[in-house]
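Beneath this line is the structure, given in structure tokens, with notes to follow.
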Number of protein chains: 2
Amino acid sequence: MINQYKDEDKVLLAVDCIIFGFDNEELKLLLIKRDFEPEKGKWSLMGGFLKKSEVLDEAASRVLQHLTGLNDVYMEQLYSFSKIDRDPVERTISVAYFALINIADHNSELSESHSAQWFGLEDMPELIFDHNAMVKHAIRRLRYRTATQPIGFELLPEKFTMRQLQKLYEAIFDHELDKRNFTKKINAMDLLVRLDEKDMTSSKKGSFLFKFDEQKYKKKVMDGFSFKV
Amino acid sequence: MINQYKDEDKVLLAVDCIIFGFDNEELKLLLIKRDFEPEKGKWSLMGGFLKKSEVLDEAASRVLQHLTGLNDVYMEQLYSFSKIDRDPVERTISVAYFALINIADHNSELSESHSAQWFGLEDMPELIFDHNAMVKHAIRRLRYRTATQPIGFELLPEKFTMRQLQKLYEAIFDHELDKRNFTKKINAMDLLVRLDEKDMTSSKKGSFLFKFDEQKYKKKVMDGFSFKV
DNA sequence: ATAAATAAGTGTATTAATTACATTTATAAA
DNA sequence: TTTATAAATGTAATTAATACACTTATTTAT
């Protein structure tokens with residue numbers, strides 16, 4: 001078969017990762033300080049180029065793994081950015097991905113070796129290229145996704161308190177929630193199991209730890225349930 | 001400046017368009033019968049390759065224009081598909097876009113010259129490559145977008161009846177709605193203007209025509225309004 | 001002139017979901 | 001024993017969603 005595509009233009013395809021974390025107070029992003037040109041010394045998302053042998057999801061996972069040491073992380077393709085001069089070196093289309101990680105899990109020596117640092121969404125530096133737009137887009141998507149699927153748990157340790165969960169949703173949606181109404185809603189969905197274990201760090205009384213029950217969730221979804229917070 | 005990207009792989013980037021239309025009864029897709037290899041004679045989405053000189057949105061508009069003759073159409077980037085062998089000819093990543101057009105507006109001679117045809121979502125043929133997955137994805141996105149933004153109007157003529165609008169939402173969400181509740185909800189949003197003009201084709205009494213008031217919508221959005229149907 | 005047929009247009013009552021709001025409880029430290 | 005602190009919990013009010021059926025305007029047929 002002759003190659004009827006042979007006269008078409010080829011381009012570089014990059015992936016850039018918006019890496020979200022949560023420190024029990026605010027939503028954070030893991031950014032790297034570029035130690036290479038162009039824009040050396042500026043802050044940026046972690047990125048890399050797609051290889052012919054991988055699919056986009058794999059490239060994004062590889063990039064994330066390289067910075068954090070983590071595998072099996074919640075990642076989602078966001079949008080492809082294609083402004084002609086978005087990268088001054090050469091025409092590059094970038095596919096943005098976002099990842100949700102539990103900050104405590106990542107390899108901080110590894111990320112520090114890339115001059116990476118966590119920034120709260122409020123005190124983020126300006127980023128290179130179109131990375132600010134990517135972040136904005138990612139926050140919108142994260143809000144939508146979190147409201148309709150139980151992915152928030154990806155940002156928490158396996159065992160968490162109600163307060164942590166509420167603080168997380170408050171951080172994602174950037175508005176305060178009523179504790180009683182929140183608990184009521186979460187309990188009504190019946191997706192968490194309360195453990196016989198308490199977190200004693202936050203109060204004298206201690207607060208119960210919970211776990212998200214993935215199996216139960218899947219069963220419910222099959223019966224027509226849809227998550228909504 | 002030396003080109004530090006020179007050893008990276010380059011790939012073909014395609015765009016494929018999921019073109020939605022509405023015939024007052026069901027949601028339809030405009031598909032083409034391929035008159036070239038591979039998969040000649042099979043049904044497919046309309047597509048094309050990204051040129052170095054254009055951004056993805058432009059490529060998608062060009063492809064749509066080429067098939068339908070239409071410009072200034074609602075289009076939205078959907079997702080990038082990258083399976084290694086999705087196109088057997090050569091490694092090609094495809095960025096899917098969806099478009100919403102008013103069927104009556106398009107140049108049907110032009111589309112027929114590409115052996116294009118409208119298919120109801122129910123009686124669609126199998127499509128080539130990963131195009132079935134693209135369509136599935138597009139329907140999901142269309143439902144979400146339609147539920148939260150007033151883009152349904154893109155599928156209707158400028159002037160339309162309440163019944164047409166209801167039928168459209170029923171087609172998009174694939175379930176029936178109560179006429180009184182629907183009217184109530186739409187009227188409560190106060191985004192339509194009722195014209196002093198009636199459509200006489202559907203009944204002896206005639207039914208009032210409405211127009212979507214884009215300006216009013218924009219103003220409301222600025223005051224914190226959010227569309228929800 | 002009248003009756004029949006047809007889709008358009010409209011309102012109310014019920015149920016469910018969301019919001020607002022304050023006190024008691026368990027525990028450690030003083 | 002008191003004090004301080006966060007955890008845990010329930011009810012009433014409001015708002016949104018749903019279920020449901022008759023009247024109106026008009027044309028066509030008798």
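Letters A, B, ... are given to chains in the order of the sequence lines, protein chains preceding strands, and every chain is numbered from 1.
Surrounding CG of A:Asp72 are at most 12 heavy atoms belonging to other residues, nucleotides or ligands under 6.0 Å away. No more than 12 heavy atoms of other residues, nucleotides or ligands lie within 6.0 Å of NZ in B:Lys33, so this atom counts as exposed by the packing criterion. The environment of NZ in A:Lys220 is crowded: more than 12 heavy-atom neighbours from other residues, nucleotides or ligands sit within 6.0 Å.
Checked by atom type, the side-chain pair A:Asp199/A:Thr161 shows no donor-acceptor distance below 3.5 Å.
Following rounding to the nearest Å, A:Asn24 (CG) and D:dA6 (C1') show an atom-to-atom distance of 15 Å. Rounded to whole Å, the distance from CZ on B:Phe210 to C1' on C:dG9 is 10 Å. Between A:Glu176 atom CD and C:dT19 atom C1' the separation is 15 Å, expressed in whole Å. The CG-P distance, from A:Asn187 to D:dG10, rounds to 11 Å in whole Å. Between the CG atom of A:Leu165 and the P atom of D:dA7 there is a distance of 13 Å, rounded to whole Å. Spacing between atom CG of A:Asp199 and atom P of C:dA28 amounts to 14 Å, rounded to whole angstrom units. Computed from coordinates, the B:Lys228 NZ to C:dT18 C1' distance equals 15 Å when rounded to whole Å. C:dG9 atom P lies 12 Å from atom CD of B:Gln166, rounded to whole Å.
Nearest heavy-atom pair, B:Ser80 versus A:Leu56, reported as atom, atom and distance to 0.1 Å: CB-CD1, 3.8 Å.
A distance of 6.0 Å or more separates the ring centres of A:Phe20 and A:Phe22. The distance between the ring centers of A:Tyr144 and B:Tyr144 falls below 6.0 angstrom. Ring centroid separation for the pair B:Phe208 and B:Phe210 does not come in under the 6.0 Å cut-off.
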Quiz item: Please, what dot-bracket string fits DNA chain C when only Watson-Crick and G-U pairs with both distances under 3.5 Å count, crossing ones use [ ] and pairs to another strand use |?
Solution: ||||||||||||||||||||||||||||||

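Which of D:dT9, C:dG9, D:dA8 sits closest to the side chain of A:Ser207 comes down to D:dA8.
Between B:Lys83 and B:Asp130, none of the side-chain N atoms (NZ, or NE/NH1/NH2) sits under 4.0 Å from a carboxylate O, so this pair counts as no salt bridge.
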Quiz prompt | Protein proximity profile, nucleotides 19-30 of chain D - base contact B, sugar-phosphate-only contact S, no contact -, cut-off 4.0 Å on heavy atoms | solution = BBB--BBBB---

